[in-house]
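The sequence lines fix the lettering, A, B, ..., with proteins before strands; numbering per chain opens at 1. Remember, predicted model here, so these are calculated numbers, not experimental data.
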Protein chains: 2
Amino acid sequence: MTSTSERLLDAAQALAQQRGFNAFSFRDLANRLGITNAGIHYHFPKKADLGRALIARYRRNVAEALTEVDRTAGSATDRLKGFIASYADGLRKERLCLGVMLASETVTLPDEVQSEVRSFFAALEDWLTRVLEDGRTAGEFHFEGAAEDEAALVLSTVEGAMLSAWPLRSVKPVQALARFETVMQRFLNGLAPS
Amino acid sequence: MTSTSERLLDAAQALAQQRGFNAFSFRDLANRLGITNAGIHYHFPKKADLGRALIARYRRNVAEALTEVDRTAGSATDRLKGFIASYADGLRKERLCLGVMLASETVTLPDEVQSEVRSFFAALEDWLTRVLEDGRTAGEFHFEGAAEDEAALVLSTVEGAMLSAWPLRSVKPVQALARFETVMQRFLNGLAPS
DNA sequence: ATCCTTACTTATTGATTGGTAAGTTTGTTG
DNA sequence: CAACAAACTTACCAATCAATAAGTAAGGAT
């Protein structure tokens, strides 16, 4: 049903989120699809092309998911919790956020991929800024200063919480998830005291 | 003066913090020292040995630096700021925290290195827990619940702040540092309102 | 029937990887 | 002076990497 390109991107995303973009080969990818590594080059001539397509699609998918959160969530608090829940989901699937992974690999990535990564984070921050502003005017959130700055803090915290749970995941998956959720709950308490 | 082993670890650490542990080769390392790649194997038979020595020494150095912070800082707030400042220093030197880098590479790392990474983070959290407890009893910090949980939040935030500034660093170094400091300042405001 | 495009495979390339074996230089010790 | 270990070098190795060239099977269009 789904095209080979799409299935390649699915497999590449899984590998990139688990091992990193530089840590999987065309062979790894080809084996998962049951084709030869040369076949990949037909769809993505260079690995940089694959990387660019990968993060571009990821950005679109995340944007879609956040729009869906906007549609279904009743409050700014729910929207923010929906955002955080998607990270927890990744952890459950043994997948690091692709943005986090590529951010750490930044130095070794092709320029075109690097700039896509930056755009991805910028998009997340824009969305978070809107949520935080909405939440503040609604009296749900309490913070001082620009919502942009608070959005940067939210993003930093959720990324950091995921990353610091990541090494724990391989040995104690349940504990890693619990840790992530404890940290985020604590953060939310500061933003929206009950 | 300094032994070759030590200089190897210095160079390896710089490479690992900039590019990642899997993204530098024995050749890269050898070239920086002006020796051949085979010469490295004399000091560190396998790359895993190098990795283990690398993070073990890093952990010792960080522990020493934190003891020095304890010695010189006047208050818990100063100690915490000293901790955060060391991350900002890394950013200035174009170096990601080694723990953060290795955390993201966890899946592809030898087991022995993985467990060292976990111990490193555990040590940081222990130190942070003490600082937070001291600060709370001194009336400097305000938070509810266990200090361990708050320490996990602090660590997550500072790691995440560094990581999210990292992709920005290659294109706008000054802005990356400013972003990091804004995020951490905002975090400190929540912990120790003035 | 022929041509062309799509979607691959087979086979191979040159570069790079971590790692090894064997030799060489240098300084120390008996 | 002889023996020896420390600290390398030279010269490899097999494996793996992304990438390329050339061929091929299948299907649609003319």
Side-chain angles (χ1 to χ4, degrees), chain A residues 1-57 101-102 105-114 116, chain B residues 1-57 101-102 105-114 116:
Chain A
M1 281 299 125
T2 51
S3 69
T4 301
S5 296
E6 209 66 24
R7 294 197 303 140
L8 275 171
L9 288 173
D10 289 342
Q13 188 179 321
L15 284 164
Q17 289 184 279
Q18 285 158 10
R19 313 173 54 83
F21 182 73
N22 291 315
F24 74 87
S25 70
F26 275 53
R27 242 207 192 86
D28 293 331
L29 202 48
N31 288 343
R32 295 209 173 187
L33 280 260
I35 63 174
T36 60
N37 61 359
I40 301 173
H41 287 284
Y42 171 77
H43 299 278
F44 304 99
K46 315 267 166 158
K47 201 180 183 186
D49 297 321
L50 174 63
R52 200 162 36 85
L54 199 59
I55 177 118
R57 189 188 69 153
M101 187 62 93
L102 296 183
E105 295 184 286
T106 270
V107 180
T108 61
L109 257 35
D111 286 349
E112 345 155 38
V113 180
Q114 283 188 47
E116 281 280 354
Chain B
M1 284 299 125
T2 53
S3 70
T4 302
S5 295
E6 210 65 24
R7 293 199 303 140
L8 275 172
L9 288 173
D10 289 342
Q13 187 178 322
L15 284 164
Q17 288 184 281
Q18 285 157 10
R19 313 174 53 84
F21 181 73
N22 291 315
F24 74 86
S25 69
F26 275 51
R27 250 206 186 77
D28 292 332
L29 204 46
N31 288 342
R32 294 208 174 187
L33 280 259
I35 63 174
T36 60
N37 61 357
I40 300 174
H41 288 283
Y42 172 77
H43 300 277
F44 304 99
K46 315 267 166 160
K47 201 181 183 186
D49 298 319
L50 174 64
R52 199 161 37 84
L54 198 61
I55 175 116
R57 189 189 69 152
M101 187 62 93
L102 296 183
E105 293 184 286
T106 269
V107 181
T108 62
L109 257 33
D111 286 350
E112 345 155 36
V113 180
Q114 282 186 49
E116 281 281 356

Rounded to the nearest angstrom, tell me the gap between atom [atom1] in [X] and atom [atom2] in [N].
| X | N | atom1 | atom2 | value |
| --- | --- | --- | --- | --- |
| R27(B) | dT17(C) | CZ | P | 7 Å |
| I35(A) | dA25(D) | CD1 | C1' | 16 Å |
| F24(A) | dT16(D) | CZ | P | 18 Å |
| N22(A) | dT17(C) | CG | C1' | 14 Å |
| L8(B) | dA7(D) | CG | C1' | 12 Å |
| E6(B) | dA7(D) | CD | P | 13 Å |
| F26(A) | dA19(D) | CZ | P | 5 Å |
| L50(B) | dT17(C) | CG | C1' | 15 Å |

Answer whether the closest heavy-atom distance between the side chains of [X] and [Y] falls below 4.5 Å.
| X | Y | value |
| --- | --- | --- |
| F26(A) | K47(A) | yes |
| T108(A) | F21(A) | no |
| N22(B) | N22(A) | no |
| N31(B) | N37(B) | no |
| D10(A) | R57(A) | yes |

Exercise for review: Specify the angle, to 10°, made by the local axes at the two ends of the helix from dA1(C)-dT30(D) to dG30(C)-dC1(D) when five pairs are taken at each end.
Suggested key: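 One end axis against the other gives 10°.
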
Exercise for review: For the pair E105(B) (side chain) and G20(B) (backbone), establish whether a donor and an acceptor sit closer than 3.5 Å, ignoring hydrogens and angles.
Suggested key: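 No.
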
Point to revise | Any donor-acceptor pair under 3.5 Å from D28(B) side chain to S25(B) backbone | key: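 Such a contact is found between D28(B) side chain and S25(B) backbone.
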
Exercise for review: Give, ordered by number, those residues of residues 36-48 of chain A having at least one heavy-atom distance below 4.0 Å to an atom of DNA chain C; if nothing qualifies, reply none.
Suggested key: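 Listed by number, they are T36(A), A38(A), G39(A), Y42(A), H43(A).
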
**Study point:** Cationic N near anionic O, under 4.0 Å, D49(A) to K46(A)
**Key:**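 No salt bridge links D49(A) with K46(A).
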
**Study point:** Distance-minimising heavy-atom pair for V113(B) and G51(B)
**Key:**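 For V113(B) versus G51(B), the nearest heavy atoms are CG2-C, 4.0 Å.
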
Review point. Does S25(A) put a side-chain nitrogen or oxygen below 4.0 Å from OP1 or OP2 of dC17(D)?
Key: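 Result: yes.
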
